S.K.: 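This is the structure, below, for whatever I ask next.
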Number of protein chains: 2
Amino acid sequence: MAPDSGSKGLVSGHRFFLPAVHVAGNRVSFPPHTSHQISRVLRLKIGDVVEVFDGAGQEHCVRLEELGREALGAIVRSFPSQSEPDIFVTLYQGLLKGKKLELVLQKCTEIGILRFVSVQSERSIAGEPSESRFERLLEIVREAAEQSGRGVVPLVEGSRSLAQGLAEAAVRGPVLFLWEEESLAPLPAASDYQAGSELSLFVGPEGGFGEAEAASARAAGAEVVSLGRRILRAETAAIVASALVLQGH
Amino acid sequence: MAPDSGSKGLVSGHRFFLPAVHVAGNRVSFPPHTSHQISRVLRLKIGDVVEVFDGAGQEHCVRLEELGREALGAIVRSFPSQSEPDIFVTLYQGLLKGKKLELVLQKCTEIGILRFVSVQSERSIAGEPSESRFERLLEIVREAAEQSGRGVVPLVEGSRSLAQGLAEAAVRGPVLFLWEEESLAPLPAASDYQAGSELSLFVGPEGGFGEAEAASARAAGAEVVSLGRRILRAETAAIVASALVLQGH
């Protein structure tokens, strides 16, 4: 992105998530955090135009009209978001340690995952994130959605057992369960999934899923698949699998 | 990986890069750094078997016979590495700031990149890594190769200009140049590349490549391609493009 915030009326290249509650007619009011960002951090000026998305698939170009503690703007143009994937992918991720989970959420948001669910798995070393860490995760996902041009902010949900995850995923559509074993089937081609498909992707924690867990996934109707002959770290596997599944969507 | 270092004679699940100079007949001597790792960090015992790869495509199972400052072992079994990709991909990466470059090198080593070259680009913010940072990058690549089951340790080369990079890449095989523009062609399918192909992948710095740079790439015979409608950070683009190109190889 090449910001050109100096030129009045041109889009600044800055993009913000603004829930619909902040929009009334063609007027928008930015909450304090975003207003601070606009005035103090990015030093935008009255007349600059920013992009705003409401998280429900709608995008707006907004001309800044008032700066300060709560910046105000006027919608110049609205249009449906063009950048959301045409398939809906949930990543069920075995609980990972701090930075690794943050990396997965940031990268997979850019790539196009719609929903993140943590899964308790027998080899998980990491526990449930604390409330403050969970807040941080939500913030990372929101920022990644803003930067990458997503039309929605992906959901981040608290953890559940593998059995619960598998059961709820199975009713929604195809389930891919990543397991490191060379003889396994490769990930299906991204082009196998039609627009509108709902898909679930299970990726293990640091030590991978166990044999019994893979068996239970198969019993629950999941397709147990491998990413190939090299051993990927858990966080790399999540990013690679998301990229392969969402390619072209 | 599930180490079972307690059971004598079984493979411990630990894997080390050991250049061929440390192998004489069926005897191997581990350098001090690795010996320290073996004895002090992993607390392996005499009789434990570790995996060793020589970086040139050969793998060995080695039984530990002596521990201490320079551990010694005997080769139990040797075999050619099974996990190297069957295509040879060089990643030409626009210079990135510290942690981002480390992330790209670690993840893309796991994924199967064979060679990394830094490229000076008009929007590069980061400079050439210092000597100590370059050493750290080599270490990261070596560790990622050990952990991911690579048969070789990828090369990391100092930077060159974009024009130099494009010229040297063009004589070796197909060149893919990533550029963020929606109307561009998507990345070719991984299955388009036959075993033995040499391929080069150009990924921009934080701000992406400029328009003139894309034009020069096209003039040099590169295929200018896009990763899709969402805007990926530079480091995410490198990881995603590597995964897509190396899928199934």
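Since this is a predicted model, take the numbers as computed values, not measurements. Each chain gets a letter, A, B and so on, in the order its sequence line appears, and its residues count up from 1.
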S.K.: Below 4.5 Å from any heavy atom of chain B, which atoms of A:L244 appear? Answer side chain, backbone, both or neither.
M.R.: both
S.K.: Just wondering, are more than 12 heavy atoms of other shown residues or ligands nearer than 6.0 Å to CD in A:E211?
M.R.: no
S.K.: When rounded to the nearest 0.5 angstrom, what distance separates CD in A:E235 from NZ in B:K107?
M.R.: 3.5 Å
S.K.: For chain B, which candidate among A:G112, A:G149, A:P85 shows the most heavy-atom pairs at distances under 4.5 Å?
M.R.: A:P85
S.K.: Could you go through B:V240 and A:V240, starting from their C-alpha distance and side-chain angles, then the distance that decides it, and tell me whether this counts as side chain to side chain contact (heavy atoms under 4.5 Å, CB included)?
M.R.: CA-CA 7 Å; B:V240 167; A:V240 167; over 6 Å; no
S.K.: Which region of B:I239, side chain (C-beta onward) or backbone (N, CA, C, O), has a non-hydrogen atom less than 4.5 Å from a non-hydrogen atom of chain A, or is it both or neither?
M.R.: side chain
S.K.: For the interface with chain A, which of B:A189, B:S83, B:S191, B:G210 has the highest count of heavy-atom pairs at distances below 4.5 Å?
M.R.: B:S83
S.K.: Look up atom CG in B:L227 and atom CD in A:Q247, then write down how far apart they are to the nearest 0.5 Å.
M.R.: 8.5 Å
S.K.: Counting only heavy atoms closer than 4.5 Å, note whether B:I111 contacts chain A via side chain, backbone, both or neither.
M.R.: both
S.K.: Would you compute the distance between atom OG1 of A:T236 and atom CD of B:Q147 and round it to the nearest 0.5 angstrom?
M.R.: 9.5 Å
S.K.: Would you mind checking if B:E84 and A:R230 are paired as a salt bridge, meaning a charged N to carboxylate O distance below 4.0 Å?
M.R.: no
S.K.: Quick one: which of B:A144, B:A243, B:S148 has the most heavy-atom pairs under 4.5 Å with chain A, could you say?
M.R.: B:S148
